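If you scroll down you'll find the structure; I have some questions about it.
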There are 2 protein chains.
Amino acid sequence: MEKPATIPLTAVNLRTACTQCNLKELCLPVGLDDVDLERIDGLITARKKVKRQQHLYRAGEPFEAIYAIRTGFFKTDILTEDGRDQVTGFQMAGEILGLDGISTDRHVCNAVALEDSDVCMIPFERLEELSRRIEPLQRQFHKFMSREIVREQGIMMLLGSMRAEERLAAFLINLSQRMRLRGYSASEFHLRMTREEIGSYLGLKLETVSRAFSKFQDDGLISVHQKHIQILDADGLRRLIGRANV
Amino acid sequence: MEKPATIPLTAVNLRTACTQCNLKELCLPVGLDDVDLERIDGLITARKKVKRQQHLYRAGEPFEAIYAIRTGFFKTDILTEDGRDQVTGFQMAGEILGLDGISTDRHVCNAVALEDSDVCMIPFERLEELSRRIEPLQRQFHKFMSREIVREQGIMMLLGSMRAEERLAAFLINLSQRMRLRGYSASEFHLRMTREEIGSYLGLKLETVSRAFSKFQDDGLISVHQKHIQILDADGLRRLIGRANV
DNA sequence: CGACTTATTGACAATAGTCAACACTCGTGG
DNA sequence: CCACGAGTGTTGACTATTGTCAATAAGTCG
């Protein structure tokens, strides 16, 4: 398989790598002064283009950088020796990849592009160094890590206490909210992943996912045509999630 | 419910709070020079004693500190509005509590002592400040956060792809390994949590947990008497986990 | 000791998984 | 440009696993 293309930044666009980026309010702390902003521009040393189905990194590879997604869509997954294979997350533009690698200095999971994507490479040593000097950056980085912990706790809740349809409803609501956050339509979108990948993420078999989609369509909650999804009744989906066996 | 007792440290034991602690190799980076060690002693401002069934903190409370467990045993759990309730982790001596609070400046989960416990309170502002000055401390802290991310990924794998008996086997093996790491017997121990709490953690009902325990006993893998567990065939348990539907 | 919580076990029900057939989509090459 | 084929998605019939309900036993704490 091909390697992703690395585009080293020239002195010129180094200078404006982050300060000009329209995702910067997602990556960077607000209220930095000019000096700090200039320093931060040196944080991104390279961009990478990753084509659909290419790996951004693989489990076991040395960990050197985390990645901010500029455009595109990724999945992360883990493959254990005994043949288990599970998707641990789907990431879209404005989100961060690779935080799990810090723990052992090696990547724990694989990151695979589900569509042609474009990422900023943030060398971790440099991030640590800068965050020692720029307090708001340090704070922001810690929040990112903590947010990842909380996100995973949410999935633990989902996997541990929801039934199939509740899981899929929660998945759709979550995806929809993140789409809106990035400026896309929250009610109509194209799934980048297969039923099997959704199932793997939700702890379900692909047939169960497919049936749940059909059920939602029959109930008038969504409209499905293969990967194209339209959410017709978001509140209905939300009500589905909110029905624990109290 | 009573509040946990806070014991402010005097100038004298401030000085030796961490450097004398026999858990320091778990909390602190190795190879610090004397000056750094002295600074780090100022990191811990208080100890808390938490009695069985008392909360160390509750979801929604302002986040101010993380906690290192000196002695004892905790669970963390989340209670959602719709009545779902799930244990997200069990923590023992030498482990860190509260990292999820960084994300929103409020605790996300409840931390409850399952036996009388003793914790070090590490004010987060001070930790951030010190880790800006002491690089190895910064590094160590980042590894702690990342390790928590990886731990949760492990649970996602467990919840998403294992069957009841595999989950319980994985749980026992994990507990056993952590016991050994802290210097306790890895083959014989007392469970601090109920079947229901184990079930909640593993995404199973308590009856299923109980049945799996009985099954393991019938198969000669363990010996169970209520909360007292003896592991007779750790490799047998490990084989159970390693049987994915390849 | 006695009330309460926790654990075990059985019978039955519900949910999701398995296996299999078929339909749809998309990309490739004739 | 169309046809073919691999990959993906849908649906049905049946099975396995886990959950539910209930009765009983065993511990625990005041």
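Chain identifiers are assigned alphabetically (A, B, ...) following the order of the sequence lines, protein sequences preceding nucleic acid strands; residue numbering begins at 1 within each chain. None of these values were measured; they are calculated from a predicted model.
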Rounded interatomic separation in angstrom, taking NZ from B/K205 and C1' from D/dA22: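 Atom-to-atom, B/K205 to D/dA22, this comes out as 16 Å.
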Geometric class of the A/F63/A/H107 ring pair [parallel <30°, tilted 30-60°, perpendicular >60°]: perpendicular
Separation of atom CD in B/E207 from atom P in C/dA7, rounded to whole Å: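 Nearest whole value for this atom pair: 11 Å.
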Salt bridge flag under 4.0 Å for residues B/R52 and B/D116: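 Here B/R52 does not pair with B/D116 in a salt bridge, since their nearest N and O are not under 4.0 Å apart.
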Distance, rounded to the nearest Å, where A/E166 contributes CD and C/dA14 contributes P: 16 Å
Touch class at under 4.0 angstrom, heavy-atom based, for B/G199 against every strand present: nothing
Among C/dT6, D/dT10, D/dG9, the one nearest B/T194 by side-chain distance: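 Selected nucleotide: C/dT6.
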Nearest-Å distance for atom pair CZ/P, residues A/R192 and D/dT8: 16 Å
Nearest-Å distance for atom pair NE2/P, residues A/H228 and C/dT25: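 To the nearest whole Å, that distance equals 13 Å.
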Residue that, paired with A/N110, satisfies side chain to side chain donor-acceptor pair (under 3.5 Å) out of A/T76, A/D77, A/T88, A/D85: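 Only match with A/N110 under side chain to side chain donor-acceptor pair (under 3.5 Å): A/D77.
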Contact under 4.0 Å: A/R195 side-chain N or O vs D/dT10 OP1/OP2: yes
Position toward the 5' end of DNA chain D (nearest nucleotide), B/Q226 or B/T208: B/T208
Rounded interatomic separation in angstrom, taking CG from A/L202 and P from C/dA16: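 It works out to 12 Å between those atoms.
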Closest nucleotide among C/dT8, D/dT18, D/dA13 to the A/R211 side chain: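 The answer is D/dA13, which lies nearest to the side chain.
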A/Y201 and A/F90 aromatic centres sub-6.0 Å: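 Yes; A/F90 has its ring centre under 6.0 Å from that of A/Y201.
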Sugar-phosphate only, base, or nothing, as touched by A/L206 at under 4.0 Å among non-hydrogen atoms: base
Sugar-phosphate only, base, or nothing, as touched by A/R163 at under 4.0 Å among non-hydrogen atoms: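 Result for A/R163 = sugar-phosphate.
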Side-chain N or O of A/K227 closer than 4.0 Å to phosphate OP1/OP2 of D/dG9: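 So the side-chain polar atoms of A/K227 do come within 4.0 Å of the phosphate oxygens OP1 or OP2 of D/dG9, strictly under.
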Nearest-Å distance for atom pair CZ/P, residues A/R52 and C/dC26: 11 Å
Closest to side chain of B/S210, choosing from C/dA7, D/dG9, C/dT15: C/dA7
NZ/NE/NH1/NH2 to OD/OE distance under 4.0 Å, A/K215 and A/D218: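 The answer is no: the pair does not qualify as a salt bridge.
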Atom-to-atom span, NZ of A/K215 to P of C/dT15 - whole angstrom: 10 Å
